[in-house]
Amino acid sequence: NKQKYFITTGSKQFDMLLGGGIETMSVTEVHGEFRTGKTQLCHTLCVTAQLPRSQGGGAGKVAMVDTEGSFRPQRVSEIAKTRYDLDPKEVLDNIIVARAHSHDAQMDMVTQLGVLFADPERGPFRLLIIDSITALFRTDFSGRGELSERQQRLNVHLQRLVKHAEEFNIAVLVVNQVMADPGANAMFGPVLKPVGGHVISHACHTRILMKKGRGDNRICKVIDSPCMPEAECTIQLTAGGISD
Ligand code: ADP
């Protein structure tokens with residue numbers, strides 16, 4: 001059961017950059033500005049994680065912790081139906097979505113999910129999405145002098161995700177925001193960096209930056225991978241999700 005899987009992103013080029021797709025037993029971070037396609041990537045993976053291995057899938061179920069209310073069942077249905085010719089109801093039945101309104105709830109949910117992942121009657125689960133990993137931590141620890149406590153708690157949270165990924169052979173995908181880097185030279189406009197600093201970079205094996213391109217094109221850049229060089233590709237956002 002401890003064989004690694006790669007779950008297809010829906011784009012061949014993007015999969016190639018990632019060494020095959022989003023990897024199980026590993027935590028992948030995706031960050032980028034608003035409307036760059038981070039949630040569309042999640043919606044696509046909610047479907048592809050369920051595809052058979054022969055189609056680049058994970059042949060498993062999906063769990064999602066949604067902190068932003070960004071999960072759209074309608075989008076998942078559309079992708080399942082138009083792109084993969086699957087029964088949307090069956091696909092949605094295999095996705096467990098939990099809505100968190102505080103960082104405490106978010107952390108508790110991930111702990112609870114461990115019980116679910118360990119239950120052979122309920123699984124197997126192959127994908128866990130946290131969208132967004134940092135937003136509630138930023139809200140709940142927004143006061144002066146709270147940064148180090150925030151980072152400590154975030155670290156505990158991420159270490160639990162790493163453990164789940166390895167223990168249950170799950171691909172963990174965490175969505176992250178970007179913020180203006182106050183330390184950067186802003187001569188050409190604000191320089192954006194992902195939230196969470198070294199706590200995130202330490203826990204995430206692979207990091208993806210998504211940027212806007214022309215129209216519905218998006219640029220995906222793999223910026224931190226243990227086995228792949230830094231490289232980028234262009235993908236499209238379509239009714240069928242992420243594609244070449
Ligand atoms: P983020 O999560 O990074 O803020 P999203 O994943 O929500 O961004 O991406 C929003 C973009 O997705 C929109 O700008 C639009 O171009 C594209 N999009 C949303 N729905 C569809 C659809 N049904 N067909 C094609 N593109 C879509």
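Numbering of ligands and ligand atoms starts at 1, following listing order.
Summarising the local packing, NZ of K12 is surrounded by 12 or fewer heavy atoms from other residues, nucleotides or ligands at distances under 6.0 Å.
Looking at T111 and R160, their side chains do bring a donor and an acceptor atom within 3.5 Å of each other. Using modelled atom types, one finds a donor on one side chain and an acceptor on the other under 3.5 Å when comparing N176 with T134.
The line from CD1 of I95 to CD of Q50 is 5.0 Å long, rounded to the nearest 0.5 Å. One finds the CD atom of E146 at 12.5 Å from the CD atom of Q152 (value rounded to the nearest 0.5 Å).
Near ligand 1, residues E33, F34, R35, T36, G37, K38, T39, Q40, R75, E78, D216, R218, L237, T238, A239 each place a heavy atom inside the 4.0 Å sphere around the ligand atoms.
Taking the six-membered ring for Trp and thresholds of 30 and 60 degrees, F137 and H103 have ring planes inclined between 30 and 60 degrees apart.
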